Amino acid sequence: DVKVTQSSRYLVKRTGEKVFLECVQDMDHENMFWYRQDPGLGLRLIYFSYDVKMKEKGDIPEGYSVSREKKERFSLILESASTNQTSMYLCASSVTGHSNQPQHFGDGTRLSIL
Amino acid sequence: AQKITQTQPGMFVQEKEAVTLDCTYDTSDPSYGLFWYKQPSSGEMIFLIYQGSYDQQNATEGRYSLNFQKARKSANLVISASQLGDSAMYFCAMREPKAAGNKLTFGGGTRVLVKP
């Protein structure tokens, strides 16, 4: 079974802090993704990566950055956290080239910025 | 423009009855894939079912089936014989082949509550 592990289920930080959310997958997947989920808006893509050290902006990248130094690990960074970044964050991974293969998700991190 | 639309924000269903969750999509590409995920209150996203645009048959997986109407651009999820454990958020998502990294676009979700 594919395992995608997010470092924290719940996280509380203060405005202005630098926040790191970590994600690790164990299936050698090429693609990794970071989403945020807000009520009524579904999942919105922040950033994704299709290879080590490669990254692409998603639909809502402002205020975020990412890092992928190793294939299995994809980090989301909030450079200076703000209250409007309070949300549920979901990491996912998938293989490349098989269009019928789903993305596999971690359990999510509920982040509160005070 | 919204690519994936789920018009039902929430719905109740009686245990053991069937429920249909609506999903319409918008794409100009003839080749695409549609996915449904379930998200229980615990938060994890569980993949349920996939339908490819060229698939001849509607997809089925156990109690889940897809009512795929290509001309109408709809891919409704049908859950038969609802169980209490089916209470969750359900998301429809689309993958377009031109999208880099096999990324998905998600709808806003439908919350289902199964009543005993």
Side-chain angles (χ1 to χ4, degrees), chain A residues 1-6 8-11 29-52 54-61 66 68 74 87-111, chain B residues 1-10 21 23 25 27 29-55 57 59 61 64 66 88-111:
Chain A
D1 268 0
V2 177
K3 185 72 175 174
V4 179
T5 303
Q6 294 184 228
S8 305
R9 290 299 303 270
Y10 300 92
L11 205 54
H29 284 171
E30 296 85 1
N31 305 314
M32 295 189 75
F33 308 83
W34 274 107
Y35 296 89
R36 67 174 280 175
Q37 181 182 0
D38 301 288
L41 298 178
L43 278 70
R44 293 180 292 166
L45 184 63
I46 304 171
Y47 268 97
F48 68 100
S49 167
Y50 51 87
D51 202 352
V52 176
M54 306 303 290
K55 59 185 179 184
E56 292 270 348
K57 292 180 180 179
D59 300 317
I60 51 164
V66 290
R68 193 165 181 202
F74 192 34
S87 188
M88 170 76 142
Y89 290 87
L90 289 158
C91 175
S93 72
S94 74
V95 296
T96 291
H98 300 279
S99 61
N100 63 341
Q101 292 301 304
Q103 291 183 8
H104 299 269
F105 284 81
D107 288 344
T109 297
R110 294 187 190 273
L111 175 64
Chain B
Q2 188 85 328
K3 285 196 169 184
I4 296 281
T5 303
Q6 295 180 252
T7 56
Q8 307 150 309
L21 308 184
C23 174
Y25 57 91
T27 180
D29 204 304
S31 176
Y32 51 89
L34 296 157
F35 298 79
W36 276 91
Y37 283 86
K38 171 185 179 181
Q39 186 183 42
S41 57
S42 49
E44 74 272 26
M45 293 281 284
I46 302 166
F47 165 67
L48 295 178
I49 196 166
Y50 168 82
Q51 179 82 46
S53 60
Y54 292 123
D55 292 346
Q57 309 261 10
E61 285 287 347
Y64 304 107
L66 249 165
M89 282 288 289
Y90 289 82
F91 291 97
C92 179
M94 178 173 65
R95 171 180 292 151
E96 297 171 283
K98 291 178 188 156
N102 280 352
K103 62 178 183 174
L104 297 176
T105 302
F106 284 83
T110 296
R111 184 174 297 281

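Note that the structure is predicted; figures quoted are calculated from it, not measured. Chain letters run A, B, ... following the sequence lines, proteins first, then strands; residues in each count from 1.
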Problem - Among A:V95, A:D51, A:V52, the one residue meeting side chain to side chain contact (heavy atoms under 4.5 Å, CB included) with A:E30 - result: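 Testing each of A:V95, A:D51, A:V52 against A:E30, the sole residue satisfying side chain to side chain contact (heavy atoms under 4.5 Å, CB included) is A:V95.
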Problem - Residue selection (most heavy-atom pairs with chain A, distance under 4.5 Å) from B:P9, B:A93, B:G43, B:G33 - result: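 When all of B:P9, B:A93, B:G43, B:G33 are compared, B:G43 has the most.
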Exercise for the section: Tell me, out of B:E44, B:M45, B:Q51, who's got the most heavy-atom pairs with chain A below 4.5 Å. Expected result: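 Greatest number of close heavy-atom pairs with chain A: B:M45.
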Problem - Interchain contact, A:L41 with chain B, by part (heavy-atom threshold 4.5 Å) - result: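 Only the backbone of A:L41 comes within 4.5 Å of chain B.
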Exercise for the section: Check whether A:R44 gets within reach of chain B through its side chain, its backbone, both or neither, counting any heavy atom under 4.5 Å. Expected result: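 Neither the backbone nor the side chain of A:R44 comes within 4.5 Å of chain B.
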Problem - Expected output: side-chain A:R110 to main-chain A:M88 donor-acceptor under 3.5 Å - result: no
Practice task
Side chain from CB out, backbone as N, CA, C, O: work out which of these in B:Y37 comes under 4.5 Å of a heavy atom of chain A, or both, or neither.
Solution key: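 Contact with chain A is through the side chain of B:Y37 alone.
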Practice task
Sort B:Q39 into side chain, backbone, both or neither according to what part of it lies under 4.5 angstrom from a heavy atom of chain A.
Solution key: side chain
Exercise for the section: Can you measure from OG1 (B:T105) to CZ (B:R95) and round to the nearest 0.5 angstrom? Expected result: 10.5 Å
Exercise for the section: Please work out whether the ring planes of B:F106 and B:F91 are parallel, tilted or perpendicular, with thresholds of 30° and 60°. Expected result: perpendicular
Problem - Close aromatic pair by centroid cut-off 6.0 Å: A:F48 and A:F74 - result: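 They do not qualify: ring centres at least 6.0 Å apart.
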